[in-house]
Number of protein chains: 4
Amino acid sequence: MMNENHSDDQYGRARVQDSDELKAYYKELENLGAGALWTVANDIEPWEPRANSVPMLWKYDDLRELVLKSSELVTPEQAGRRVVYLVNDKRKDVAAAVGWLYTGIQVTRPGEFTSAHRHRASALRFIMEGEKGYTVVDGNKIMLEVNDFVITPNSTWHEHGVEEGGKTCIWQDGLDIPLVNALEANDYAVLDGKQDLVAPLNYSPITYGCAGLIPADKTWDKPYSPLFKYSWSKVYPALLEAQKVNESNPFDGIFMKYSNPLTGGHVMQTMGASMQLLPPGFKGKAHKHTGSFVYQCAKGKGYSIINGQRFDWKERDIFCIPSWAWHEHHNLSETEDACLFAFNDLPVIEGLGLYQERELMENNGNQLITK
Amino acid sequence: MMNENHSDDQYGRARVQDSDELKAYYKELENLGAGALWTVANDIEPWEPRANSVPMLWKYDDLRELVLKSSELVTPEQAGRRVVYLVNDKRKDVAAAVGWLYTGIQVTRPGEFTSAHRHRASALRFIMEGEKGYTVVDGNKIMLEVNDFVITPNSTWHEHGVEEGGKTCIWQDGLDIPLVNALEANDYAVLDGKQDLVAPLNYSPITYGCAGLIPADKTWDKPYSPLFKYSWSKVYPALLEAQKVNESNPFDGIFMKYSNPLTGGHVMQTMGASMQLLPPGFKGKAHKHTGSFVYQCAKGKGYSIINGQRFDWKERDIFCIPSWAWHEHHNLSETEDACLFAFNDLPVIEGLGLYQERELMENNGNQLITK
Amino acid sequence: MMNENHSDDQYGRARVQDSDELKAYYKELENLGAGALWTVANDIEPWEPRANSVPMLWKYDDLRELVLKSSELVTPEQAGRRVVYLVNDKRKDVAAAVGWLYTGIQVTRPGEFTSAHRHRASALRFIMEGEKGYTVVDGNKIMLEVNDFVITPNSTWHEHGVEEGGKTCIWQDGLDIPLVNALEANDYAVLDGKQDLVAPLNYSPITYGCAGLIPADKTWDKPYSPLFKYSWSKVYPALLEAQKVNESNPFDGIFMKYSNPLTGGHVMQTMGASMQLLPPGFKGKAHKHTGSFVYQCAKGKGYSIINGQRFDWKERDIFCIPSWAWHEHHNLSETEDACLFAFNDLPVIEGLGLYQERELMENNGNQLITK
Amino acid sequence: MMNENHSDDQYGRARVQDSDELKAYYKELENLGAGALWTVANDIEPWEPRANSVPMLWKYDDLRELVLKSSELVTPEQAGRRVVYLVNDKRKDVAAAVGWLYTGIQVTRPGEFTSAHRHRASALRFIMEGEKGYTVVDGNKIMLEVNDFVITPNSTWHEHGVEEGGKTCIWQDGLDIPLVNALEANDYAVLDGKQDLVAPLNYSPITYGCAGLIPADKTWDKPYSPLFKYSWSKVYPALLEAQKVNESNPFDGIFMKYSNPLTGGHVMQTMGASMQLLPPGFKGKAHKHTGSFVYQCAKGKGYSIINGQRFDWKERDIFCIPSWAWHEHHNLSETEDACLFAFNDLPVIEGLGLYQERELMENNGNQLITK
């Protein structure tokens, strides 16, 4: 029978008292690049998953002016990429917004573009503002509109820009840079100049953009989705339709995963993404699970309670939920739906067998606000 | 065309000069939990993989007495597990031997046993000394002999011991505790007492122990190998046979992977393991690749050059090779083969698309010793 | 070196001359339920794939009246299903249209419906005429329109009907009954009455109908597509869009496969399906490959040359292409596109490692009409 | 509720009475290459799987002399392959022993060898007699001993022979020729002369012959096992060991599948194989399932009851079990075990979703002998 008691003062946990003899012994070990496991065991083997990040919310009202200001202070040419990144109070050392996920807000003015580069880290973007923005992924140029979701996977060449005559574009970047650095595997390369285009404009979203229809005469052996852009103009109507025939998930409303249409899996090997619609008046239940999540409100307004702390959000606000944090989402409108985009490290957590989940049973499934 | 120049003073890298205006701007960002990417970009996006660990070797001659002494200083009951762990000079904060891999040396005297526990972290063992040691994995009791390799995967109940009448057993533990902690997903549970056995002694290695023969009437849906023990009594003869019909790999000699016989993949989701035989007089070439490795010499003597530093090893010595470190192995005997056991994080590195490899082209493929 | 000579009068082929002694020997063998391989070897081991079917075309102008007449002659209640099936001149013994594929034309009048049944054989339908037709697949009711493609996989309960107030529906059925009978695995069951609905109307096509968006909170472990209907109202616009950014395949124009959005594979385990658009004036090249195909013209008019014989088709005509038959498709209109629906046994042929393909090299890739 | 009544006189089955009007109608349809489904539906949609083969047993005592005699009557050069094939009384048209499986007995005298050829059909062999026999599969030469199981997969070049100084070899061939012909996909090619060897003798069984140990530095992308030979010298001891720690399967004793060590799946894409040990005194229960099976007794003596008919077998006898036939196996010795080798079409049946199984519930699970 499994023992549910989580006290360290029990059989199966380290309970060694210090003594002079032991202290001398520990010193000997230290000199050899060693240590006694029982001096650290209870710390490195916690009873439950333990996150290093704290929940945070970044209000777009606060950030927008500063983001735009960057476009006056530095050029893309100087900055590499002109991005304001959002950093967790407890993850400044690794430049992460939560867990091992990086996020930033990039601004590009009409006529500007970056040079092409690639890196072992994977990237994704969620469009916040602007017109005539585009990305080029491995020679595929793709136009971007507000609330579109686009991927630039591991080691693909990519560059971004806004056409002359467009409007200043702002988008959220999501990358696994902290993870790939932690795994000691990141790299970087720059291209002399721009990529050559290898396909007509929007080839990827057009070719793979009809559910269940794929080219019969092409093969795809890359470990990421051949569908590089998921258009809001298709996604939002699909959510509304889905709402008619699906019950709301008690935690997440109408909850859809962006997926690779050739595998049904996550869009990339290290990061997944989802879009969820909270119906008018939706009051979510609380649960917690492993995995780190960065959210952006794509539509509407509401609040999330994360580990007992309430975070109010509206369109374009960004917030994060650390691993194993209790969380629940509420739509503050009784008439309008609210939509939350999120990206996460679930491909890592699930792929390595580390996913687990728990529902809150107390208080009818809702947290008390304690902070 | 890809630019092979790795200077940060080029287009595509951050090259912003500080100014008072910018400093004020950075302060504003900091107050909002944000920062300017270009102030950190070149650091978090290195040109090549960058390891945080250093190569190290732990001599068994130094450690053995201290390991045995632990059995006088603490009981298994007090210590939880009586283990001396080996820690990298640069990874003391996470108790890792290299990268995100933990290793330790555990000693158990005849008649001793631990209580059963389980954790989200995966574990493996490589037997160094003793007789009549055993492990129990999810109710399967398995006897262990020197140079046997045994797994106790993610969330399996496990306990170890040495039968009365046996000889003190010493084995190397390998775990991914640092990784699973970093991914904020570890957990721990203890069992009240010992596991009930669910199968006859050695059921797993006997049932899955003939190459290409598996039970026709059983299914296995676990994400790890049903073969829990890989016996040296079978592995070493197989290496000798393989040597007759396979050319030596220039880097690794006769190089075999412990694999899941139902998938051909790694034995567990987060850690892999290999055994390699360096023929008499083998002088390996140098290469480097991503992934972290902990080695134990299972037989013979030789040395490895790791990032220009020579490490001499003989039977039972343990050493590590960090990610992206140049390394080459040499057998110092002209008459006897040498065998190196290793475990690694390749399932993580490969599974997330982060593996890359490079051969040393200079100096006929061998490093100069520089340290 | 492979010998390209296909004469049986060479080393490696059976070339035994009959003799009285051999004849006596053959008799002895026959008495024991045996034979001499060399007496049949050249026949059962052909140099190239050999089909038992002949190319055929069934004109809808000929069949339509007879199909409608069936609705006067028998009731669904008497007939089980009121279907006119199309049978290959060389496959009457197995009721196949080509190879091991069955096809038929089913008619249902407003207010009629069949009882629910299921079978190990898989089925699909392609809608030819009518309004307010529906199918119910494992409790999922789905409305059908002209040129929609719908699946009723292996062992799913299914029933069909036309709502009161609709218009008489005619659709093409495709089944692998001949294959599953040949593999000695078919079965059949009837339900007492109608199925209970388990989901709102059109749940499946709505929920899985947006490319790359799938429920984040549902799992699907069936070996066939969760998307049961592929709507022409989405497919045809997608073909037109794809045409803008894809080059025409020289054999098949704009050539798309109906796929399982969770695997990128065929919609069912034994039958696949495709839709291809032949641009105005398209003149296809000839090739041949293994696998059997049943086509229906969904739009336009044209002709196909199959093994040197020309078959002219227009909307609703059905034709078949046997395995390893040379074939090429031509659109007869210079202004309108033509669309060909097809279903096939490619999951079988590919899955068992039996697919091969050859392009016609002579005559600029086009066949001479010889029949 | 599913209706268990299997009468055709019920709703959901075709129950149309003939009439003059209908007869005229059927004639009209026939003229157009069509028919009325209800005239054939009950026949082509049976309630349960229906096999075309009958159970048969071929006694080696009867066949051996005739097999050896073939080596006097024809040369390998004349015969292509000097094989006596075994043919089911109901499958003479397709040269199958059961279902779509071919089997034959091949004899090769010392110093004889065949020329190299390949075909889309897959082949396997089970060695019955002799010494110094060998096969060469895609340039890999492998020595064969009695009761060894060896594969020559789809489209691999292969040739066989017996070394000078060996003893006349007799082995059972198993092929899926009837299946691949039925699927209209077979082909054949001969090589001018012998294959060049690409690896040392026995490379494959040596390299992949230790359970759970595979080359770390080689990849294998073929859809069949890299282990070409499964040695009786390893298999039989493994069965004996397995017997100690596994309960006997009530139908099949100690029941092991030959598997691809890189996938845990069948050894080839179209045929699987198994070896089972019936302990002394074993009295199996009866069950039936889809799939066709050809057995050879590798050791001991016993009998099988197949669809109520008893077939007694001893070492080297061959028998077959058709799809969906009730069958049970009995060891006639109370002191010696009996071993049955079998090959089957399970990769096809399982891969296409056509496997089902039923236990006999009556009479304590044993059949009454009725024939």
Side-chain angles (χ1 to χ4, degrees), chain A residues 140 149 199-218 220 225-231 234-265 267 272-276 342 346, chain C residues 140 149 199-218 220 225-231 234-265 267 272-276 342 346:
Chain A
N140 291 274
F149 167 61
L201 186 65
N202 292 326
Y203 163 80
S204 161
I206 288 175
T207 302
Y208 291 93
C210 180
L213 210 63
I214 61 173
D217 49 5
K218 293 185 176 73
W220 180 262
S225 175
L227 181 56
F228 291 164
K229 183 181 74 166
Y230 300 73
S231 300
K234 292 191 166 188
V235 167
Y236 183 60
L239 288 167
L240 293 178
E241 284 297 301
Q243 191 183 358
K244 296 178 188 166
V245 296
N246 284 273
E247 285 184 30
S248 273
N249 178 304
F251 309 110
D252 289 302
I254 301 299
F255 187 28
M256 304 295 271
K257 179 170 83 167
Y258 295 102
S259 80
N260 180 338
L262 300 188
T263 65
V267 291
S274 60
M275 178 62 76
Q276 66 198 87
L346 284 179
Chain C
N140 291 274
F149 167 60
L201 186 66
N202 293 325
Y203 163 80
S204 161
I206 288 175
T207 301
Y208 290 93
C210 180
L213 210 65
I214 61 174
D217 48 5
K218 293 185 176 74
W220 181 260
S225 174
L227 181 57
F228 291 164
K229 184 180 74 166
Y230 299 74
S231 299
K234 292 191 167 189
V235 167
Y236 184 61
L239 288 167
L240 293 178
E241 284 296 301
Q243 191 183 357
K244 296 178 188 164
V245 296
N246 284 272
E247 284 183 31
S248 272
N249 178 303
F251 309 109
D252 289 303
I254 301 300
F255 188 28
M256 304 294 271
K257 179 170 84 168
Y258 295 102
S259 81
N260 179 338
L262 301 188
T263 66
V267 292
S274 60
M275 177 62 77
Q276 67 198 87
L346 285 179

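Remember, it's a predicted structure, so these values are computed and weren't measured experimentally. Residue numbers begin at 1 in each chain, while the letters A, B, ... track the order of the sequences.
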Out of [options], return the one with the most heavy atom pairs under 4.5 angstrom to chain C.
options	value
A:Pro215, A:Pro205, A:Gly265	A:Pro215
A:Gly212, A:Cys210, A:Pro237, A:Ala199	A:Gly212
A:Val235, A:Ile214, A:Thr263	A:Ile214

Worksheet item: So what's closer than 4.5 Å to chain C heavy atoms on A:Thr207: side chain, backbone, both or neither?
Response: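 Both the backbone and the side chain of A:Thr207 come within 4.5 Å of chain C.
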
So which of [options] has the largest heavy-atom pair count under 4.5 angstrom toward chain A?
options	value
C:Ile206, C:Leu227, C:Asn202	C:Ile206
C:Ala216, C:Gly264, C:Ser231	C:Ala216
C:Gly272, C:Gly209, C:Ala211	C:Ala211
C:Leu201, C:Asn246, C:Asn249, C:Leu239	C:Asn246

Worksheet item: Tell me the salt bridge (charged side-chain N to carboxylate O under 4.0 Å, His left out) pairs involving residues 237-256 of chain A, sequence neighbours left out?
Response: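 Found A:Glu241-A:Lys244.
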
Fill in: OG on C:Ser248 to CG on A:Asp217, rounded to 0.5 Å
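Here the rounded value is 9.5 Å.
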
Tabulate below the donor-acceptor pairs under 3.5 Å that side-chain atoms of residues 254-262 of chain A make, not counting sequence neighbours, or state none.
residue, atom, partner, partner atom, Å
A:Asn260, OD1, A:Leu262, N, 2.8
A:Asn260, ND2, A:Tyr224, O, 3.4

Worksheet item: So what's closer than 4.5 Å to chain A heavy atoms on C:Tyr230: side chain, backbone, both or neither?
Response: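 Side chain only.
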
